[in-house]
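Accompanying notes for the structure given below.
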Amino acid sequence: MKTMTVNGTVVHVEDYWTVLDACRFYGIEIPTLCHYDGLSPGGLCRLCVVEMGEGERTKVATACNYPVAAGLVVRTDSERVVRTRKVLVELLLARCPSSKTLQDLAAKMGVQRVRFTAKNENCILCGLCVRVCAEQMGAKAIDFAGRGKERRVAPPFDLKSELCRNCGACMYICPVCQLRCQGPEPPGVVCGACLNLEPVCLKENKDDEGSGVKCL
Ligand code: SF4
Ligand code: SF4
Ligand code: FES
């Protein structure tokens with residue numbers, strides 16, 4: 001057991017916890033996108049940033065893969081943290097504007113406009129699909145490929161992998177595939193939620209015979 005400070009309150013934490021574990025245990029909300037209980041931490045979306053340290057010597061770090069330490073001082077709601085998260089959400093939303101998960105997150109965080117050019121990608125490179133495939137399904141049918149701007153998730157050689165079990169876990173867990181906003185509703189429509197029931201990727205990824213789910 002260790003002792004650290006979160007938002008000015010001294011708390012006791014288990015030695016093996018991350019800062020995110022500690023905050024969640026004490027009911028402190030931290031937004032996450034690439035974290036999923038039961039999977040190894042990815043540290044890729046950066047949304048879980050918190051400020052660590054005191055005075056002028058502070059740093060911003062991701063909570064989901066930062067181990068707790070005795071005497072650690074953490075702020076989860078400082079101006080710097082809030083500003084950083086908002087810019088990150090803007091960048092992610094510019095990359096995948098149709099993701100309802102991202103839209104909801106942006107709305108919750110008070111992000112009302114995106115200053116970056118929309119790219120209409122289908123992936124925020126959070127790595128959840130890669131990790132669930134390897135760590136929970138034991139398949140390792142997909143992985144990151146390419147570098148820099150070309151980085152993407154793909155099966156080996158971009159061919160449907162023999163290792164894929166068609167389990168659908170990668171699409172289930174994906175924050176971009178799960179729910180797609182279908183655009184502005186006509187006046188008078190109360191709720192467009194039903195439009196989100198079938199993930200677009202299920203329609204687009206039929207196998208060659210038109211049935212089943214094709215690997216990413
Ligand atoms: S559908 Fe295939 S690629 Fe996706 S998680 Fe399952 S085994 Fe992996
Ligand atoms: S396909 Fe989805 S789950 Fe996989 S890295 Fe991209 S956004 Fe994340
Ligand atoms: S949830 Fe921590 S970096 Fe994504």
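Start at 1 and go down the list; that is how both ligands and their atoms are numbered. Along the sequence shown, the residues carry numbers beginning at 1.
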Enumerated ligand 3 atoms positioned under 4.0 Å from heavy atoms of [X]:
X   : answer
T32 : 1 (S)
C48 : 1 (S), 2 (Fe), 3 (S)
C45 : 1 (S), 3 (S), 4 (Fe)
L44 : 3 (S)
H35 : 1 (S)
C64 : 1 (S), 2 (Fe), 3 (S)

Quick look: N122 vs ligand 2, heavy-atom contacts under 4.0 Å, and the answer is neither
Going by the atom numbers of ligand 2, which of them fall below 4.0 Å from some non-hydrogen atom of [X]?
X    : result
C129 : 1 (S), 3 (S), 4 (Fe), 5 (S)
C123 : 1 (S), 5 (S), 6 (Fe), 7 (S)
G127 : 5 (S), 8 (Fe)
V153 : 5 (S)

Presence of N, O or S from C34 under 2.8 Å of atom 8 (Fe) of ligand 2 = no
Identified side chain to side chain contact (heavy atoms under 4.5 Å, CB included) counterpart of R85 within the set D77, V111, I30 | I30
Rounded to the nearest 0.5 Å, what separates atom [atom1] in [X] from atom [atom2] in [Y]?
X    : Y    : atom1 : atom2 : value
R24  : L20  : CZ    : CG    : 4.5 Å
L93  : R115 : CG    : CZ    : 12.5 Å
T62  : L47  : OG1   : CG    : 11.0 Å
C126 : H35  : SG    : NE2   : 12.5 Å
L44  : L33  : CG    : CG    : 11.0 Å

Got an N, O or S from C174 under 2.8 Å of atom 4 (Fe) of ligand 2?
-> no
Which class fits the ring pair Y26 and W17: parallel under 30°, tilted 30 to 60°, perpendicular over 60°?
-> perpendicular
For S99 and P175, the nearest pair of non-hydrogen atoms, with its separation, is OG-O, 3.1 Å
Verify same cluster id: V87, V81 (apolar side-chain graph, 4.5 Å) | no
Part of A139 within contact of ligand 1 (heavy atoms, under 4.0 Å) = side chain
Please state whether G42 comes within less than 4.0 angstrom of ligand 3, counting heavy atoms only.
-> no
Checking R131 against Y36: charged group under 6.0 Å from the ring centre and within 45 degrees of the axis?
-> no
Answer with yes or no whether I124 contacts ligand 2, where contact means a heavy atom under 4.0 Å from a ligand atom.
-> yes
Give the residue and atom name of whichever protein heavy atom lies nearest to atom 3 (S) of ligand 3, and the separation in Å to one decimal.
-> R46 N, 3.1 Å
